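Worksheet: one structure, shown below.
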Amino acid sequence: MLRLYRNIKGLLLKRGIWDLFTYIFFGALTTLVNVVVFSMSTSVGLSWVFANFIAWILSVLFAFLTNKIWVFHSKTRGPRAFIWEFFKFVFARIVSLGIDYGFMVIFINLLHTGDFIAKLLTQFAIVFANYFFSKFLIFKK
């Protein structure tokens, strides 16, 4: 199993897409965190608006750590650099939160899809936007 992992990693590194692969992997886990928290929150009676915000906070914290450590291997020197990187990350995620709410309103209020289906569909736009922000604005080398 370890040999297969090394072979795949080597191939993806040669093609320059290892960070994209790891981003998709950890992005899927981040999406899972987001969707599970959202579902659990709505199942206990929270409105989709509040549930979405709770899911966003927890998934942003999870995503920052996984992106910093395992996807982009960002090394910051000192607490000031770390805080600046975290601030940029959170700001970009606030922008994507606006995208998230915009799509949720469209799907739920205008197209009358269920909130869970709307949440799943919205995640495609969010993953794309967040990769762009992280790769080119936040964790750039």
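Residue indices begin at 1 and follow the sequence shown. Since this is a predicted model, take the numbers as computed values, not measurements.
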Atom pair CZ/CG of Phe25 and Leu20 - distance to nearest 0.5 Å: 14.0 Å

Val95 with Val90, same ILVMFWY side-chain cluster at under 4.5 Å: yes

Transitive ILVMFWY side-chain link Ile94 to Ile54, under 4.5 Å: yes

Nearest-0.5 Å distance, OG1 of residue Thr113 to CG of residue Asp115: 8.0 Å

Modelled atom types, side-chain donor and acceptor of Lys68 and Thr76, under 3.5 Å: yes

Identified side-chain hydrogen bond (donor to acceptor under 3.5 Å, both in side chains) partner of Ser59 from the options Thr31, Asn34, Thr30: Asn34

same_hphob_cluster(Leu97, Leu61) at 4.5 Å side-chain heavy-atom cutoff: yes

Phe133, CZ atom: more than 12 neighbouring heavy atoms under 6.0 Å: yes

Minimum heavy-atom distance Leu137-Lys88, with the two atoms named: O-NZ, 3.7 Å

Separation between CG of Asp19 and CG of Leu13, rounded to the nearest 0.5 Å: 9.0 Å

Phe26 atom CZ, over 12 foreign heavy atoms within 6.0 Å: yes

Close side-chain approach of Tyr101 and Val49, heavy atoms under 4.5 Å: yes

Whether Trp48 side chain and Lys119 backbone form a donor-acceptor pair below 3.5 Å: no

Transitive ILVMFWY side-chain link Leu65 to Val36, under 4.5 Å: no

Mutual orientation of the aromatic rings belonging to Phe136 and Tyr131 [parallel < 30°, tilted 30-60°, perpendicular > 60°]: perpendicular

Tyr23 and Phe72 aromatic ring geometry - parallel, tilted or perpendicular at 30°/60° bounds: tilted

Nearest non-hydrogen partners of Ser96 and Ile126, listed with the distance: O-CD1, 3.2 Å

